[in-house]
Amino acid sequence: MSTITLALSKGRIFEESLPLLRAAGIEVTEDPETSRKLILPTTRPEVRVVLVRASDVPTYVQHGGADLGVAGLDVLLEHGSQGLYQPLDLRIARCRMSVAVRADFDYASAVTQGSRIRVASKYVTMARDHFANKGVHVDLIKLYGSMELAPLTGLADAIVDLVSTGSTLRANHLQEVEKIMDISSRLIVNQAALKLKREPIRRLIEAFEAAIPRTATGA
Ligand code: ATP
Ligand code: MG
């Protein structure tokens with residue numbers, strides 16, 4: 001029997017993937033929050049979970065370090081998804097990519113007047129594409145965390161970041177001024193594994209698909 005390796009990241013992707021795994025008859029038998037293991041066994045001897053950084057999931061799957069993985073659309077767009085088969089939108093870890101500014105910054109005027117705005121983000125590719133499509137000139141500043149701080153310190157006029165409830169923005173007196181796109185996590189599959197382990201992977205995809213959360217909004 002061939003081994004199936006699934007790459008997940010700790011935190012919300014791991015937590016929200018559990019019901020999907022369960023639907024496929026897979027229980028992870030160790031808790032990543034308390035275990036130091038990076039390779040977790042499951043109740044199915046041929047299936048194992050590897051824990052990697054969210055932004056490393058596509059890399060693992062592309063190069064065959066894992067057969068499948070769960071990655072946010074943000075990560076896939078920023079990283080690129082060459083060579084990855086993306087059969088399912090799992091509709092988990094849902095949020096949106098948005099532009100936010102300080103409450104006292106007149107974003108509408110800034111973008112219509114054609115002035116250059118300084119945009120800080122971890123997602124510089126998505127930010128660059130978004131503003132290029134709008135014809136807005138931007139200076140991009142790459143950050144790795146705490147983007148909310150950038151407008152507050154004068155480092156940038158705007159940030160491009162993930163928003164779910166908006167409470168972090170509000171706590172920092174920032175305003176969401178534009179939604180760039182809705183984000184959710186996708187199942188990604190290594191192309192070679194898809195051929196070599198066709199049947200077990202097809203069964204997993206089917207089980208995940210049947211368990212995808214449907215919400216009242218239908219969004
Ligand atoms: P790290 O926190 O280790 O720096 P990360 O921020 O990429 O890495 P997570 O915070 O676990 O990792 O986010 C994983 C994915 O979950 C993101 O790529 C995104 O698709 C989604 N996500 C991020 N923030 C939220 C949120 N507030 N609500 C819902 N989904 C989110
Ligand atoms: Mg995070």
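With sequence neighbours excluded, the residues satisfying side chain to side chain contact (heavy atoms under 4.5 Å, CB included) with Arg170 are Ser167.
Separating the CD atom in Glu209 from the CG atom in Leu187 is a distance of 10.0 Å, to the nearest 0.5 Å. Going from atom NE2 of His130 over to atom OG1 of Thr125 covers 14.5 Å, rounded to the nearest 0.5 Å. Summarising the geometry, atom CE belonging to Met126 is positioned 8.5 Å from atom OG belonging to Ser121; distances are rounded to the nearest 0.5 Å. Taken to the nearest 0.5 Å, the CD1 atom of Ile212 stands 4.5 Å off from the CG atom of Leu88. Separation of atoms NE2 (His173) and CG (Leu152) is listed at 8.0 Å; rounding is to 0.5 Å. To the nearest 0.5 angstrom, Leu6 atom CG is 7.5 Å from Ile26 atom CD1.
Identified under the side-chain hydrogen bond (donor to acceptor under 3.5 Å, both in side chains) test for residues 95-104, with sequence neighbours left out: Arg96-Glu176, Ser98-Glu176, Arg102-Asp104.
You'll find the side chain of Leu162 reaches within 4.5 Å of the side chain of Met97, heavy atoms only. Side-chain contact between Ile188 and Ser81: absent, with no pair of heavy atoms (C-beta onward) separated by less than 4.5 Å. Contact of the Ser55 side chain with the His79 side chain is not registered, since no non-hydrogen atoms from C-beta on lie closer than 4.5 Å. Side-chain contact between Glu148 and Asp161 is present, with heavy atoms from C-beta onward closer than 4.5 Å.
Scanning all heavy atoms of the two residues, the minimum distance from Tyr123 to Met147 falls at CE1-CE, 4.4 Å. Looking at every heavy atom in both residues, Gly69 comes nearest to Val61 through N-CG2, 3.7 Å. Pairing each heavy atom of Gln62 with each of Asn190, the nearest pair is O-ND2, 3.4 Å. The two residues Arg186 and Leu90 come nearest to each other via the heavy atoms C-CD1, 4.1 Å. Counting all heavy atoms, side chain and backbone alike, Thr43 lies closest to Thr29 at CG2-CG2, 3.7 Å. The two residues Arg94 and Ser164 come nearest to each other via the heavy atoms O-CB, 4.4 Å.
Surrounding CZ of Phe14 are more than 12 heavy atoms belonging to other residues, nucleotides or ligands, all under 6.0 Å away.
Under a 3.5 Å cut-off, the side chain of Glu178 and the backbone N or O of Val99 do not form any donor-acceptor pair. With Glu27 contributing its side chain and Arg22 its backbone, the two residues share no donor-acceptor pair below 3.5 Å.
Using modelled atom types and a 3.5 Å distance limit, the side chains of Tyr107 and Gln175 yield no donor-acceptor pair. For the 3.5 Å distance criterion, the side chains of Arg48 and Thr5 qualify, holding a donor opposite an acceptor.
Looking at Arg128, Arg116, Arg118 one by one, the single match for salt bridge (charged side-chain N to carboxylate O under 4.0 Å, His left out) with Asp139 turns out to be Arg116.
For the pair Glu199 and Arg202, the salt-bridge criterion is met [side-chain N within less than 4.0 Å of a carboxylate O].
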